[in-house]
**Q** 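One structure, pasted below without further comment.
Everything numeric here is computed off the predicted structure, so don't read it as measured data.
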Number of protein chains: 2
Amino acid sequence: MEKVEIPRKTIYRLSIYQRCLTKLHENGAETVSSSALAAAAGVKPAQLRKDLTYFGQFGTRGLGYSVEELRNAIRDVLGRTHLQPVVLIGAGNLGTALLRYQGFQKEGFEVVAAFDAVPEGVVKRGISVPLHDIDDLTRFVQENEVRLAILCVPADGAQEVANEIVGAGVTGILNFSPTVLQVPESVTVNNVDLALELENLSYFVGRD
Amino acid sequence: MEKVEIPRKTIYRLSIYQRCLTKLHENGAETVSSSALAAAAGVKPAQLRKDLTYFGQFGTRGLGYSVEELRNAIRDVLGRTHLQPVVLIGAGNLGTALLRYQGFQKEGFEVVAAFDAVPEGVVKRGISVPLHDIDDLTRFVQENEVRLAILCVPADGAQEVANEIVGAGVTGILNFSPTVLQVPESVTVNNVDLALELENLSYFVGRD
DNA sequence: TCGTGTGAAGACGTTCACAGCT
DNA sequence: AGCTGTGAACGTCTTCACACGA
């Protein structure tokens with residue numbers, strides 16, 4: 001197979017395009033041009049078209065794209081026909097907030113279980129996800145063949161937990177801990193580092 | 001002034017280097033080589049050295065970098081000698097969690113006020129930041145010359161709030177709403193889109 | 001000899017500009 | 001005429017490889 005690899009940044013944008021297409025679909029739009037969709041997504045038209053060429057041709061010259069067709073095509077590429085089970089580890093402030101957060105469910109992800117070192121101490125108000133002791137983590141991940149994990153533990157314990165879940169079969173980690181995780185190449189880590197983002201902003205704001 | 005612009009990605013990495021240096025400093029290390037620091041930060045040695053050349057020379061050939069000197073130099077570049085005041089808008093699940101989150105304070109940011117459309121409905125447990133009605137937002141931002149804002153409102157209200165705070169003088173927005181904000185060029189927006197990150201992960205995990 | 005500093009090469013991503021289909 | 005699809009140009013970031021100083 002000589003499939004050209006789709007750039008990571010393109011994958012991110014595909015998700016954004018899909019959201020815009022869903023909104024257009026709800027508004028009853030049948031077709032959309034690359035310039036209109038690009039404007040909604042905050043990119044240039046040429047970029048949008050280039051992104052799409054990575055996995056096929058979908059438009060009609062002189063007309064644009066069928067909203068529904070393009071949406072289906074992107075969904076297929078992103079591979080979310082089926083729901084992905086996710087575990088969340090570390091039910092502190094951030095962790096519990098994410099458990100209450102509706103955005104994941106809305107996008108087709110189900111947080112099937114949460115783990116904490118001291119599950120008794122967690123405020124469970126508004127949380128319907130079962131909360132386990134962290135000792136059950138490996139067993140649970142293996143038995144349920146979980147591939148995705150959200151990591152919300154403090155920085156000093158993050159690497160240890162990461163090793164454990166990777167050993168148990170997790171291959172994608174959404175890491176909220178302010179640490180650089182060392183993982184095998186086969187594992188994908190997406191870092192969400194809140195302090196880092198603020199610090200970065202403050203750099204660009206700070207020049208006067 | 002003919003200062004070469006420091007790439008945005010380098011700025012991000014500087015923050016990471018700084019964290020690693022702080023950890024090294026706490027462990028009593030005096031000097032560090034580019035390869036050691038790079039390994040800790042998860043980058044290649046050449047990249048680290050290149051990043052540093054954007055704003056000066058700090059190492060000693062054959063020896064490495066002075067942990068303390070380099071840390072101070074990076075702090076100066078990032079410009080965080082003084083604390084930046086930040087406002088948070090939208091005290092829902094995510095917003096309140098961020099208010100309780102200690103990571104910002106630890107990195108030198110102070111959330112000076114939070115705003116919500118219905119401040120009475122917010123659970124205030126564990127929150128010490130004053131909570132205002134969103135009607136006071138513009139006045140507060142102007143009077144306190146706030147430059148940074150954390151946006152945690154639902155997607156459909158985000159653009160409106162963004163317009164308001166930009167008008168009031170905010171030039172850096174940390175946006176947690178799953179929307180593409182349209183702002184003037186002079187304003188920096190850093191998006192933290194949780195569902196997007198998960199979707200992205202699931203793409204890389206999904207191939208088997 | 002060891003590790004930094006850096007020009008040059010390379011890889012990658014974006015933008016342009018236009019050919020070609022409807 | 002209008003808008004897509006795309007090779008080529010461009011710009012940016014990363015990596016290499018080695019000169020140079022300690």
**Q** Rounded to whole Å, how long is the line connecting atom NZ of B:Lys50 with atom P of C:dG10?
**A**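 From B:Lys50 NZ to C:dG10 P: 15 Å.
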**Q** Is there a donor-acceptor contact under 3.5 Å linking the side chains of B:Asn175 and B:Asn190?
**A**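 The answer is no; no qualifying pair exists.
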**Q** Name the residue closer to the 5' end of DNA chain C, choosing between A:Arg13 and A:Arg61 according to the nucleotide with the nearest heavy atom.
**A** A:Arg13
**Q** Separation of B:Ile11 atom CD1 from D:dC13 atom P, in whole Å?
**A**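 To the nearest whole Å, that distance equals 11 Å.
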**Q** Can you figure out which of C:dT14, C:dG7, D:dT6 approaches the side chain of A:Arg49 most closely?
**A**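 Taking heavy atoms from C-beta onward, the closest nucleotide is D:dT6.
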**Q** Output the rounded distance in Å from CD (A:Gln47) to P (D:dT4).
**A** 15 Å
**Q** Can you check whether A:Phe104 reaches A:Val86 side chain to side chain, under 4.5 Å on heavy atoms?
**A** no
**Q** D:dG11 C1' sits how many Å from B:Glu5 CD, rounded?
**A**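 Going from CD in B:Glu5 over to C1' in D:dG11 covers 15 Å.
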**Q** With respect to the phosphate group of D:dT6, does any side-chain polar atom (N or O) of A:Gln57 fall under 4.0 Å of OP1 or OP2?
**A**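 The answer is yes; a side-chain N or O of A:Gln57 sits under 4.0 Å from OP1 or OP2.
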**Q** Quick one about B:Tyr12 and B:Asp51 (side-chain donor to acceptor, distance below 3.5 Å, no hydrogens or angles considered), yes or no?
**A** no
**Q** Within 45° of the axis and under 6.0 Å from the centre of the six-membered ring of B:Phe204, does NZ or CZ of A:Arg8 qualify?
**A** yes
**Q** What is the distance, to the nearest angstrom, from the CG atom on A:Leu37 to the P atom on D:dT4?
**A**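 Roughly 10 Å, once rounded to whole Å.
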**Q** Would you say D:dA22 has OP1 or OP2 under 4.0 Å from some side-chain N or O of B:Thr60?
**A**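 Checking B:Thr60 against D:dA22: no side-chain N or O falls below 4.0 Å of OP1 or OP2.
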**Q** For A:Glu164 and A:Thr138, test the side chains for any donor-to-acceptor distance below 3.5 angstrom and give the result as yes or no.
**A** yes
**Q** To the nearest Å, give me how far apart CG (B:Asp51) and C1' (D:dT12) are.
**A**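 From B:Asp51 CG to D:dT12 C1': 13 Å.
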**Q** Between B:Tyr17 and B:Val32, is there a side-chain heavy-atom distance shorter than 4.5 Å?
**A**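 Of all side-chain heavy-atom pairs linking B:Tyr17 with B:Val32, none is under 4.5 Å.
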**Q** Indicate whether any N or O donor in one side chain lies under 3.5 Å from an N or O acceptor in the other, for A:Glu68 and A:Asn72.
**A**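 No, A:Asn72 and A:Glu68 have no side-chain donor paired with an acceptor closer than 3.5 Å.
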**Q** Could you tell me how far apart A:Leu52 (CG) and D:dT6 (C1') are, to the nearest whole angstrom?
**A** 13 Å
**Q** Strictly below 4.0 Å: does B:Ser34 bring a side-chain N or O up to OP1 or OP2 of C:dT4?
**A**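 Yes, within the criterion.
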**Q** Can you tell me how far P of C:dG7 sits from OH of B:Tyr54, to the nearest Å?
**A**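 Rounded to the whole Å, the gap is 12 Å.
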**Q** Tell me which residues in residues 65-74 of chain B put a heavy atom below 4.0 Å from DNA chain C, sorted by number, or none.
**A** B:Tyr65
**Q** Can you figure out which of C:dT4, D:dT15, D:dG5 approaches the side chain of B:Ser33 most closely?
**A**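 Among the listed nucleotides, the one closest to the side chain of B:Ser33 is C:dT4.
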